[in-house]
Amino acid sequence: MLEALKQEVYEANMQLPKLDLVTFTWGNVSGIDREKGLFVIKPSGVEYDKLTPDDMVVVNLKGEVVEGKLNPSSDTPTHTVLYNAFPDIGGIVHTHSPWAVSFASAQMDIPALNTTAADTFYGDIPVSEALTKEQIETAYEEETGEAIVKTFKDRGIDPEAVPAVLVAQHGPFAWGATPAKAVYNAKVMEVVAEMDYHAMTLTTRDSHVPQYLLDKHYYRKHGKNAYYGQDNPKSADHK
Ligand SMILES: O=C(CO)[C@@H](O)[C@H](O)COP(=O)(O)O
């Protein structure tokens, strides 16, 4: 059943290691057939270079396996919640891509600071609230999905406008009209997160030696009068 969708989801999963979005067996991609109310997802714990289209698992919108010889991804409950809550999405991807996970670990949104972000995300990529110990210990993956939905509801964000989220202390989820588009959005998120990290480091001047102190030591070392801040025409603080 759903052979064409299995092939499409398989190909989307194979993009994850190619795009450096996953390590080992981390991450997963799914795609949905809205007419049949069934989605296809990567099997759990299978190495990407051993995956085949036939390994894909078919799941209904209650999260029940309807076809598959392997166990579905451990994140299947999260995908299930999102397909039910966001009726216009056709594919979902989850990765542990390191720059996005860095923002998730810091519980910080990935801000839209440049056109690279704005071309794909019409606003900041939100981070969810941290899940409670009880949520983690009871139904972690389902609660993860609920935390994502709550983030968009509470903050009034349209999941079509911002097709991505960070789950605090966990990592990124992204979605789109197709599994391939979901993977594209996940990669743009990772690239934007890296760009933002560097931009935010460069602009927080107290995160490194201020220019006028560098100048002062430079001038002392080279026998010139030390200038401080606004007195120094070379300093970014020069008034
Ligand atoms: O987030 C996690 C585990 O924390 C999962 O996404 C794993 O990284 C992949 O699990 P499977 O899809 O292979 O079950």
Side-chain angles (χ1 to χ4, degrees), residues 5-6 8-32 38-60 63-83 89 91-107 110 125-149 151 163-176 179-180 182-183 185-187 189-190 193:
L5 184 56
K6 285 180 185 176
E8 186 180 359
V9 170
Y10 163 76
E11 289 170 5
N13 273 283
M14 295 310 288
Q15 284 299 304
L16 298 186
K18 286 180 185 159
L19 294 170
D20 287 331
L21 288 173
V22 296
T23 305
F24 305 130
T25 63
W26 302 344
N28 38 73
V29 184
S30 69
I32 189 167
L38 297 172
F39 68 89
V40 170
I41 193 164
K42 161 202 156 203
S44 184
V46 179
E47 293 173 30
Y48 284 94
D49 60 5
K50 295 186 171 59
L51 271 181
T52 70
D54 190 47
D55 292 333
M56 301 299 118
V57 183
V58 182
V59 182
N60 65 25
E64 300 161 338
V65 174
V66 297
E67 183 199 82
K69 57 184 185 298
L70 300 172
N71 292 323
S73 165
S74 56
D75 293 309
T76 299
T78 307
H79 291 239
T80 304
V81 168
L82 296 182
Y83 280 126
I89 65 179
I92 299 170
V93 57
H94 166 54
T95 78
H96 290 188
S97 57
W99 290 103
V101 171
S102 300
F103 277 82
S105 305
Q107 295 192 27
I110 298 176
I125 299 171
V127 64
S128 75
E129 294 172 357
L131 273 68
T132 65
K133 185 170 183 291
E134 185 187 0
Q135 286 176 314
I136 291 170
E137 290 176 348
T138 53
Y140 179 54
E141 288 77 14
E142 184 176 353
E143 292 290 357
T144 294
E146 298 298 348
I148 292 170
V149 174
T151 301
V165 70
L166 296 172
V167 178
Q169 265 62 56
H170 185 173
F173 284 78
W175 48 84
V183 171
N185 291 338
K187 182 61 180 179
M189 171 162 46
E190 177 67 359

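First listed ligand is number 1; within each ligand, the first listed atom is number 1.
Less than 4.0 angstrom separates some heavy atom of His170 from each of these atoms of ligand 1: 1 (O), 2 (C), 4 (O). Shown in contact with Lys42 at under 4.0 Å from a heavy atom are these atoms of ligand 1, numbered in order with element: 11 (P), 12 (O), 13 (O). Those atoms of ligand 1 that come under 4.0 Å of a heavy atom in Thr25, given as number and element, are 9 (C), 13 (O). Close contacts between ligand 1 and Ser73 involve ligand atoms 11 (P), 12 (O), 14 (O) [criterion: under 4.0 Å to a heavy atom].
The distance from the CG atom of Asp54 to the CG atom of Leu70 is 8.5 Å, given to the nearest 0.5 Å. The distance from the CD atom of Gln169 to the CG atom of Leu131 is 9.5 Å, given to the nearest 0.5 Å.
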Derivation and outcome, side chain to side chain contact (heavy atoms under 4.5 Å, CB included), residues Val59 and His79: CA-CA 10 Å; Val59 182; His79 291 239; over 6 Å; no
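Considering backbone and side-chain atoms alike, Val46 places every N or O at 3.5 Å or more from each N or O of ligand 1. Below 3.5 Å of separation, one finds no N or O of Trp26 facing any N or O of ligand 1.
For atom 13 (O) of ligand 1, the nearest non-hydrogen atom from the set Pro72, Ser74, Gly45 belongs to Gly45.
In this structure, Tyr140 and His170 have parallel ring planes: the angle between them is below the 30° cut-off, well short of the 60° mark.
At the shortest separation from atom 6 (O) of ligand 1 among protein heavy atoms lies Asp75 OD2, 2.4 Å. Looking from atom 7 (C) of ligand 1 to the surrounding protein, the closest heavy atom is Gly27 N, 3.9 Å. Atom 2 (C) of ligand 1 has its closest protein heavy atom at His96 NE2, 3.5 Å.
Using a 4.0 Å cut-off between charged side-chain N and carboxylate O, Asp55 and Lys6 make no salt bridge.
Counting heavy atoms from C-beta outward, Val183 and Leu16 have side chains that approach closer than 4.5 Å.
Across Tyr48 and Lys42, no two heavy atoms sit closer than the pair OH-NZ, 3.7 Å.
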